[in-house]
Structures are given as C-alpha cells and as structure tokens.
Amino acid sequence: MASIDVREVFFRYTDHWVIEDLSLRVEGGEFWGVIGPNGSGKTTLLRLLYGFLNPQRGTVFIDGGELGRMKRSDIAKKVAVVPQEHQINFPFTSLEVVLMGRSPYLGRLQFENSGDFRIAEWAMGLTDTLRFSGRPINELSGGERQRVFIARALAQEPQIILFDEPTSNLDINHQVEFYDLINRLNLEKKLTILVVSHDINLASEYCRKILLLKGGRIFKMGSPREVVAAEYISQAYGSRVLVDENPLTGSPRITLLRKDAPEGEKPETKGEW
Amino acid sequence: MIVTPKRIITICSLLFCLLLGVILVSLSVGAAELGSAQVVRVLIQGAIHPGIPVGPEGIIILSVRFPRILLAGLVGAALAVAGCCFQALLRNPLADPYILGVSSGSALGAVSAILVGLSTASFGMPLASFCGAIFTVVLVFHVGKVGTGLHTNTLLLAGVIISAFFSAIIMFLISVAQNEDLSKIVFWLMGDFSFSNYHLILIVLPYIMGGTGVIYSYARGFNLMVMGEETAVQLGVDVERLKRMAYILASLITAAAVSVCGLIGFVGLIIPHSVRMLFGPDHRLLIPASALMGASFLIGSDTIARTIAAPTELPVGAVTATFGAPFFIYLLKRRKV
C-alpha cells in the first residue's frame with residue numbers, strides 16, 4: 001500500500017499560481033475524491049501527482065520516494081493514471097492498449113512475454129473487457145473504452161491509481177458500474193485511489209475522503225459528511241444547493257437549486273444555504 | 001494481431017521477397033528489354049568481378065539501372081520511415097515528411113543552386129538542398145519550442161508558416177529564372193532519379209540507415225506517444241526526449257532523401273498509412289514494413305516513370321501520386337467499417 005504525500009506545493013503554468021501552498025497526505029489504501037469548481041486546480045493537482053508536471057516549489061512523495069528524483073518508469077510501476085476521454089487516431093486493439101500497461105517493466109527493445117500476456121488477460125477479465133480484446137480502441141463506445149483504460153492501468157500493477165473525471169462521458173448505468181469496480185479494486189487489491197470528479201453525489205457515495213479545492217487551495221477536506229455540506233459546497237461553487245441524506249445509504253446528497261427556488265421550509269432541508 | 005518478433009520477421013521476409021521481385025523486374029525493363037536470366041547472370045558476374053562491367057548489358061544493368069534502383073529504394077524507405085515518425089510525433093495519421101517544412105527548405109536550397117549555376121558542380125545540388133533543409137529544421141525547431149519542451153501544435157504551425165514563406169521566395173525565384181533553368185527546377189520539384197550514381201548512394205546511405213536504426217529503437221515509445229502525451233508520460237516514457245529525437249531524426253533522413261532526388265510526394269503519406277491498414281499500427285512492425293514497402297513502391301514508380309512514355313521520362317513524383325492515389329482509395333474502401 002503506497003501513500004501520497006504532497007508538501008507545500010506551488011505550481012503555475014504562466015504567471016498566476018494554479019496550485020498554491022497545497023499540502024495533503026493520502027494514506028495507502030485510501031479512496032479519495034477530489035471535487036471543486038472548474039479552474040480550481042483539480043486536473044493540475046492530478047498531473048503533479050504522477051510527475052507530468054513538476055511543482056515550482058514544494059515536493060510530492062510517492063510511497064516515501066521524492067517524485068522529482070524518480071525515473072519515469074519507476075513512477076509508472078507505482079502510479080497508474082486513467083485519463084480523461086480523448087481522441088485516439090490510431091487503431092490499436094484493446095489487448096494492445098492493455099499490454100501497453102506493461103511497458104514500464106520492459107527494456108527498450110524488449111517484447112512482452114507470456115507473463116505480460118497473463119497479466120493483461122487478468123486485468124481484462126477484471127474489467128470485463130475480454131469480449132472485445134481484438135477490437136480497435138477507436139471503435140469502442142465511451143464506457144467500453146473507459147474500462148480498457150482501467151485494464152491498462154491495472155496491467156501496470158500499480159499501488160496507486162489516479163482517475164481524471166472518469167465518468168464525464170458515461171451514462172448513469174456505466175457511472176455506477178465504474179464506481180462499483182474501483183470500489184472493489186480499492187477493497188480487494190488495497191489500491192490507493194484518487195478520483196477527480198465533477199459528480200459530487202457519486203464522490204460522496206463512494207469515496208472515504210473528499211478534498212474540496214477552490215482557487216488552487218484546499219477549501220475543505222475530510223469525510224463526505226464533513227465536506228459535502230451545503231455551506232462549503234455553495235461557497236466553493238457559488239451556487240445554491242440543498243444537501244440531505246441518501247435515504248438508503250445515509251451518504252450526503254446534493255440537489256441543485258434554481259435561483260428562484262423557494263427558501264427551505266421542510267425540516268430536512270435545514271442544510272440549505 | 002499482436003506483434004511478436006516472429007510476426008515481424010515473417011511479414012518483413014515476405015515484403016523483402018516482394019522488393020527483390022520489384023528490383024528484378026525493374027532491372028529488366030527499359031529501352032533495352034533484357035530477360036531476367038540475363039539480368040541475374042550480369043548481377044552474379046558483377047558480384048564476382050566488381051569493377052568495370054562487361055558488355056552492353058553489363059553497362060546498362062550495373063552502371064545505369066542498378067544505381068538508380070538502389071537510390072530509389074533507399075529514398076522510398078527513408079520517406080516511408082520519416083512518414084511513420086512524423087505521424088507518431090504529431091499523433092496524426094495524415095502527416096507526411098514534408099509537413100514541417102523540410103521540403104520547402106531543401107527546395108529553396110536546390111532552386112538557388114540551379115539559379116547561381118551550382119547545379120553543374122558535382123554534388124552542388126544535393127549539398128545546397130541538404131543545407132537548406134537543415135537550416136529549416138533548426139529554424140522550425142526553435143520557433144516551435146515552448147520553454148524547454150516541444151509543443152506539437154506550435155511546431156506544426158511553425159512548419160506551415162515557414163514553409164509558406166519559403167514557397168513564396170521560390171515562386172519569386174522561378175518568376176525570374178531563365179528557360180533552361182526552369183525545366184531543371186520543375187524536374188527537381190517533382191522528383192528525378194536520372195542523375196543517380198553509386199557515390200550519391202554512399203553519401204546518403206549512412207544518414208538514412210543510421211537515422212532509421214535509431215528511430216526503430218524508439219518504436220515502442222511511438223506506440224505510447226500516439227495514445228497521447230500524458231498517457232506516454234504516465235507509462236514511463238520521457239516524452240520530451242522522444243519528440244526531440246523523432247523530429248530531428250525524421251527531418252534528417254527526409255533531408256538526406258530529398259537532397260539526392262528532389263521532392264517526391266505521396267510515399268511518406270500513403271505507405272505508412274497502407275501498412276497500418278494491412279498490418280496494424282504497432283510501430284515495431286510498422287517501421288520496418290513501411291521501409292520495405294516504401295522501397296518497392298518508389299522503385300516501381302520510378303520504373304514506370306522511365307518506361308511508360310519512353311524515350312521521354314516522366315517526373316517520378318507525378319507517377320507516385322497517379323498510381324498511389326487509386327491504390328490508397330482501394331485500401332480505404334476495402335477496410336471494414
């Protein structure tokens with residue numbers, strides 16, 4: 001189980017700080033959700049956690065090792081990333097894409113061996129993608145492609161998986177399937193998981209810890225109950241919301257309110273802001 | 001189909017046999033029709049007693065046709081490999097070796113050489129064209145650099161703009177050129193192998209072979225690269241180094257190829273694309289298979305260029321497009337949707 005330790009990190013692309021003085025500790029095996037309005041620095045934070053970006057100040061430690069000093073392939077053996085939906089113009093098959101997850105373990109001129117194929121098949125079995133292992137990745141539906149990318153991440157045999165807005169292109173059925181799957185991976189494989197998400201309700205339902213970002217700083221962090229409160233959400237996003245409880249699971253649940261919605265009358269809407 | 005060493009060797013052996021067949025046919029056709037038995041005999045004689053070829057067939061085959069075929073094969077392989085490389089670098093299967101301006105730079109060099117009378121000096125044209133290309137490569141690289149990294153979209157823009165600027169200068173030069181220079185310019189701009197000789201081959205061979213070898217050692221990195229830069233980084237690739245290497249090496253072999261024969265279009269676009277449709281996008285197979293197909297394709301095209309309207313020679317660049325485009329359309333249609 002690998003931890004993530006972010007210490008006083010500052011990052012900017014041009015002249016203003018996108019991430020400002022951010023410190024965070026994610027313990028091994030935890031399941032975190034990162035929420036926050038557009039431009040709050042969620043994706044930037046994620047990119048800092050696997051060394052795609054390097055902070056101008058501060059340090060990120062992965063499993064105790066300083067990210068800036070690690071070799072790329074060593075980082076890739078510990079951290080896998082499931083990217084946001086993006087266009088791919090080259091017709092690699094699903095199996096080829098999943099096998100790419102083995103590349104941190106291969107030398108430059110080395111080919112995948114039978115062990116690598118076994119791991120790829122195992123990862124595809126877990127994500128229910130074996131059925132279309134021979135189909136080109138650019139011909140799959142959004143949900144299928146998403147699962148192939150998760151299989152690739154698993155084939156890396158990482159200890160940490162980062163997800164960047166994984167459900168933004170999925171219908172509700174696939175959204176739930178997706179979270180059920182990563183929940184299982186978190187519990188059974190003890191993977192450390194961090195999900196950047198726009199869907200506060202799903203994050204609050206599945207994640208054990210929530211990080212709410214605003215303007216590149218931590219606005220609030222803690223359990224879903226502590227963070228997903230009308231007060232914090234509406235302050236961070238600048239919109240009226242109603243927060244109550246999911247009657248079946250007890251997780252906090254938000255409902256968006258239109259501007260002219262009536263002020264709260266019912267007792268359970270006392271969380272409204 | 002998953003790419004394994006066995007699959008690479010099988011397919012490349014088949015393509016190599018195809019290449020040998022194309023060479024044999026190309027050696028036997030022309031103004032003097034020779035039988036393939038005759039061709040083989042002369043080749044064996046030439047291999048046993050290198051030096052001055054014997055008899056008229058010997059001279060035709062070993063001094064005229066063979067160097068021309070070798071050069072066309074080398075250039076075809078180089079352009080196809082460069083095409084693979086640029087397509088991976090820009091993550092766009094429609095990129096070609098000329099997209100970042102190498103061609104306009106070498107054209108400017110060659111046209112200038114023709115106008116100042118350098119074209120009669122030995123190696124004057126290749127040298128001028130190579131210098132022009134390298135100058136452009138450096139220029140585009142510096143314009144396309146953002147901070148310490150190469151930004152592919154900026155690179156693409158830089159290439160297109162510099163290309164347009166050089167084309168304008170070439171237009172101007174053409175407008176003031178004399179008649180006899182004009183036809184030389186036109187032939188160079190459309191590609192021409194009629195000046196081939198063994199010296200030229202020996203000069204460009206190290207660039208093309210060396211460049212291709214180093215590019216091939218990054219083949220798996222290219223696979224990850226076309227999945228997106230972030231993906232490549234998270235799978236352990238040093239993307240900035242890969243982009244720099246790909247850009248510099250692909251430009252270098254393009255410059256070397258163009259400097260000896262002028263601008264031959266279509267090979268660098270159609271060959272990688274066709275090979276991808278036939279054998280899949282894995283660069284570990286794509287690069288060597290493209291090199292072999294590129295060589296066969298350009299030798300074939302050049303053979304047609306020098307025979308179809310004999311004794312007049314057509315510019316080979318016109319042939320590659322005329323015969324390449326229908327073939328390409330056939331492949332597009334054949335593909336399962």
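Each chain gets a letter, A, B and so on, in the order its sequence line appears, and its residues count up from 1. Every value quoted in this text rests on a predicted model; they were computed, and no experiment measured them.
Put simply, of P104(A), S103(A), G101(A), the one with the most heavy-atom pairs under 4.5 Å next to chain B is S103(A).
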Working for salt bridge (charged side-chain N to carboxylate O under 4.0 Å, His left out), residues E240(B) and K243(B): CA-CA 5 Å; E240(B) 285 308 326; K243(B) 284 193 290 187; 3.2 Å; yes
CA sep, side-chain torsions, deciding dist, call: H174(A), Q146(A), side chain to side chain contact (heavy atoms under 4.5 Å, CB included): CA-CA 10 Å; H174(A) 284 103; Q146(A) 186 70 265; over 6 Å; no
Side chain to side chain contact (heavy atoms under 4.5 Å, CB included) evaluation trace for T192(A) with S3(A): CA-CA 7 Å; T192(A) 309; S3(A) 62; over 6 Å; no
Side chain to side chain donor-acceptor pair (under 3.5 Å) between D282(B) and N223(B), worked out: CA-CA 6 Å; D282(B) 193 319; N223(B) 288 349; 2.8 Å; yes
I137(A)/F90(A) under side chain to side chain contact (heavy atoms under 4.5 Å, CB included): CA gap, chis, key distance, verdict: CA-CA 8 Å; I137(A) 185 83; F90(A) 293 77; over 6 Å; no
Test side chain to side chain contact (heavy atoms under 4.5 Å, CB included) applied to L99(A) and L95(A), step by step: CA-CA 6 Å; L99(A) 277 171; L95(A) 177 57; 4.2 Å; yes
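Although no hydrogens or angles enter the test, the distance criterion places a donor-acceptor pair under 3.5 Å between the side chain of T93(A) and the main chain of E96(A).
For Y207(B), the OH atom sits in a loose shell: 12 or fewer heavy atoms of surrounding residues, nucleotides or ligands are nearer than 6.0 Å.
In this structure, the side chains of V148(A) and T127(A) stay at 4.5 Å or more apart for every pair of heavy atoms. Between L94(B) and H273(B) there is a side-chain heavy-atom pair separated by less than 4.5 Å. The closest side-chain heavy-atom distance from I299(B) to L19(B) is below 4.5 Å.
Against chain B, the residues from residues 69-76 of chain A that qualify, each with a non-hydrogen atom under 4.5 angstrom away, are R72(A), S73(A), A76(A) in number order. Scanning residues 15-45 of chain A against chain B with a 4.5 Å heavy-atom cutoff picks out nothing at all.
Proximity to chain B involves both the backbone and the side chain of P91(A), based on heavy atoms less than 4.5 angstrom apart. With a 4.5 angstrom heavy-atom cutoff, V239(B) does not touch chain A via any of its atoms. Contacts between I8(B) and chain A at a heavy-atom distance below 4.5 Å involve the side chain alone, from C-beta outward. There is no contact between V82(A) and chain B, counting heavy-atom distances below 4.5 Å. With a 4.5 angstrom heavy-atom cutoff, R152(A) touches chain B only via side-chain atoms. Of the atoms belonging to V81(A), heavy atoms from both backbone and side chain fall under 4.5 Å from chain B.
Ring geometry for Y218(B) against F222(B) counts as tilted: the plane angle lies between 30° and 60°, on a 0 to 90° scale.
E229(B) and R47(A) are not joined by a salt bridge, as no carboxylate oxygen comes within less than 4.0 angstrom of a charged side-chain nitrogen.
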